Amino acid sequence: MNILIVKYLPSGSKSNTLGLLNHFLENLSTTHNITEVDLVKSPPKYFDELTLGAYTKRNFGGIQLDSIESEAIKPLDVLNEQFINADLVLLALPMHNFSLPGIVKVYLDAIMQSGKVFKYDNGAPVGLMNKMKFVTLYTSAGKYLGDFDFLDNVKTLLKIELDFMGIKDYDFVHASSGNPDTFESEFTNAKQKIDQIIQSWNL
Ligand SMILES: Cc1cc2nc3c(=O)[nH]c(=O)nc-3n(C[C@H](O)[C@H](O)[C@H](O)COP(=O)(O)O)c2cc1C
């Protein structure tokens, strides 16, 4: 299986979320072809006038790009191709300000290309990634349950994006790191959930 790790862990070796990612990787029971995108070391390119113009021209207009446009959009295409070739994506990130850290959204904007991961059929969007599996591993200081779940925009936004791409097999593993009294149980539970995912997907 081709596994793509996409991580944004700016706390480095002290990262709480890294513990979840390492647990996942250490407990895989079969051999996989693993590729990693580290968004701290290699931040994705964001749209500017040239790249956005090229994207619109090619992906929505069906018009061939000139060499300057092709070159400008290449970094986004490299990420898009890498994403499309993955059977399983592991996305690891901390919650920042109730949502995805901005650079992760920039990554999603790079890979979510029309005609590649979704298309329009008579004006209706159709997801093209229905064979992909996707797991988000994330931590936050708080725990957003019940009436407060609307504050967890990591989950809300990713669900929308994953559904839009037609991904059916996706899951979220979360641990809350902010309360020292529950820290250990939070991470134990999250690791158990990882074990269950590995087992049920025969990874
Ligand atoms: C810039 C910044 C913003 C944060 N925003 C939130 C937040 O909105 N909600 C929350 O519960 N925790 C927030 N936190 C806490 C982190 O999500 C939490 O400590 C997490 O476990 C950090 O993961 P890491 O150790 O992998 O970096 C924030 C931390 C930082 C540094």
Side-chain angles (χ1 to χ4, degrees), residues 2-28 32 34-47 79 82-83 86 88-112 132-165 167 169-201 203:
N2 288 331
I3 298 183
L4 176 65
I5 300 166
V6 180
K7 64 178 190 182
Y8 175 69
L9 302 173
S11 307
S13 58
K14 291 192 269 330
S15 163
N16 294 313
T17 320
L18 181 63
L20 301 184
L21 179 60
N22 284 341
H23 185 83
F24 207 114
L25 297 174
E26 283 158 13
N27 287 280
L28 291 169
H32 300 280
I34 299 180
T35 311
E36 186 175 280
V37 176
D38 184 338
L39 298 176
V40 175
K41 289 189 187 147
S42 310
K45 191 172 172 181
Y46 56 87
F47 282 124
L79 293 175
Q82 201 175 36
F83 181 82
L88 165 67
V89 174
L90 295 178
L91 175 64
L93 55 103
M95 177 188 284
H96 279 177
N97 300 309
F98 306 99
S99 191
L100 301 169
I103 203 77
V104 180
K105 179 63 168 59
V106 174
Y107 174 82
L108 291 173
D109 291 345
I111 60 106
M112 288 188 66
M132 177 178 271
K133 296 185 186 325
F134 197 108
V135 180
T136 303
L137 308 165
Y138 71 116
T139 67
S140 60
K143 203 170 164 73
Y144 302 101
L145 300 173
D147 286 349
F148 298 100
D149 69 351
F150 75 97
L151 292 167
D152 181 352
N153 291 292
V154 171
K155 204 175 213 176
T156 308
L157 184 57
L158 278 168
K159 273 185 172 175
I160 294 169
E161 312 280 38
L162 299 172
D163 288 342
F164 195 71
M165 289 188 275
I167 300 173
D169 284 337
Y170 64 76
D171 214 331
F172 292 85
V173 178
H174 173 260
S176 155
S177 61
N179 182 346
D181 294 338
T182 56
F183 186 94
E184 209 171 311
S185 63
E186 281 287 322
F187 281 79
T188 302
N189 290 342
K191 286 174 184 174
Q192 277 171 5
K193 177 147 189 203
I194 289 171
D195 296 342
Q196 282 161 13
I197 292 171
I198 289 174
Q199 199 182 16
S200 69
W201 289 354
L203 301 172

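The shown structure was predicted, so the numbers you read here are calculated from the model rather than taken from an experiment. All ligand and atom numbering here is 1-based and tracks the order in the structure.
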Self-check item: Intermediate values then yes/no, side-chain contact (heavy atoms from CB on, under 4.5 Å), Val40 and Leu9
Solution: CA-CA 7 Å; Val40 175; Leu9 302 173; 5.6 Å; no
Quiz item: Are the side chain of His32 and the backbone N or O of Leu88 linked by a donor-acceptor pair below 3.5 Å?
Solution: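 Flag not set: sc His32 to bb Leu88 has no pair under 3.5 Å.
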Quiz item: Thinking salt bridges, do Asp109 and Lys105 make one under a 4.0 Å N-O criterion?
Solution: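 Judged by the 4.0 Å cut-off on N to carboxylate O distance, Asp109 and Lys105 do form a salt bridge.
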Practice problem: Would you list the pairs meeting salt bridge (charged side-chain N to carboxylate O under 4.0 Å, His left out) in which at least one residue belongs to residues 132-154, sequence neighbours left out? | Solution: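 Passing the test, one end in residues 132-154: Lys133-Asp169, Lys143-Glu186.
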Exercise. Non-hydrogen atoms closer than 4.0 Å to ligand 1: which protein residues do they belong to? List them by chain and number, please.
Key: Ser11, Ser15, Asn16, Thr17, Pro94, Met95, His96, Asn97, Phe98, Thr139, Ser140, Ala141, Gly142, Tyr144, Ser177
Quiz prompt | Glu161 side, atom CD; Ile111 side, atom CD1 - distance, nearest 0.5 Å | solution =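 Rounded to the nearest 0.5 Å, the CD-CD1 separation comes to 8.0 Å.
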Quiz item: Strictly by modelled atom types, are Thr139 and Thr17 linked by a side-chain donor-acceptor pair under 3.5 Å?
Solution: yes
